[in-house]
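For reference, the structure is listed below as structure tokens.
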Amino acid sequence: MTAQTEKRFKPWDDETAQQIAADNRDRPGALMPILTELLEDFGYINPEFVPHLADLLNLSRAEVHGVISFYHDFRTTPPGETVVKLCRAEACQAMGGAKLAEHAKQMLGVDFHGTTADGRYSLEQVFCLGNCACAPAVMLGETLYGRVTPERFDTVLKKHKGAA
Ligand code: FES
């Protein structure tokens with residue numbers, strides 16, 4: 001387990017977003033690096049920014065929307081304070097990943113891509129956290145956990161809530 005450090009995202013800011021887009025517009029395949037940088041800064045892509053991005057890169061809005069909706073990571077709503085990432089790839093699935101996913105959804109009261117009503121947690125599915133030997137794997141904020149049974153998930157979540 002690594003030290004608990006949580007990434008805090010900035011609130012969406014058009015000026016910064018425009019600067020990120022302008023700084024990257026001349027790169028080959030500029031859309032992906034721009035979206036990635038927006039995600040790193042704000043934790044999501046504001047859908048209202050799509051027309052600006054499309055104009056800047058000379059793409060249609062549908063093309064930009066298509067890329068955003070294709071990649072799971074490109075969320076379009078602000079994430080909760082902590083993102084819970086559940087691995088849904090093969091090794092984790094073989095070790096009870098599906099049961100864990102159902103449990104996590106129930107515990108948090110949200111589906112994948114959802115955020116709890118209090119804004120504390122977002123639940124995301126990912127496809128391999130590089131921790132296959134300790135499947136099933138979960139990431140809570142920046143901390144990676146292995147061999148996460150539903151019971152262990154509850155313990156980790158409870159501890160995290162208590163630490164906030
Ligand atoms: S398959 Fe889950 S961590 Fe690799």
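Order of appearance sets the numbers: ligands from 1, and atoms from 1 within every ligand.
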Show which atoms of ligand 1 fall inside a sub-4.0 Å distance from at least one heavy-atom site of [X].
X	answer
Gly130	3 (S)
Asn131	3 (S)
Ala91	1 (S)

Item to check | Spatial distance of atom CG (Asp154) from atom CE (Met107) [nearest 0.5 Å] | outcome: 4.0 Å
Next on the checklist: If only side-chain N and O atoms count, and only distance matters, is there a donor-acceptor pair under 3.5 Å linking His52 with Asp14?
Outcome noted: no
Item to check | Between Gln19 and Asp23: side-chain donor-acceptor atoms closer than 3.5 Å | outcome: yes
Checklist entry - Can you list the steps and then say if Glu124 with Met139 is a side chain to side chain contact (heavy atoms under 4.5 Å, CB included)? => result CA-CA 10 Å; Glu124 298 293 344; Met139 238 179 136; over 6 Å; no
Checklist outcome for this item: Short version for Cys132: what comes under 4.0 Å of ligand 1, heavy atoms counted, is both
Checklist entry - Does Lys105 pair with Glu102 as a salt bridge, N-O distance under 4.0 Å? => result yes
Next on the checklist: Let me check something: do Leu86 and Tyr145 share a hydrophobic cluster, defined by ILVMFWY side-chain heavy atoms less than 4.5 Å apart, either directly or through other members?
Outcome noted: yes
Item to check | N/O/S atom of Cys128 inside 2.8 Å of atom 4 (Fe) of ligand 1, strictly under | outcome: yes
Checklist entry - Does Ala135 have a heavy atom less than 4.0 Å from any atom of ligand 1? => result no
Item to check | Under 2.8 Å: N/O/S of Cys87 next to atom 2 (Fe) of ligand 1 | outcome: yes
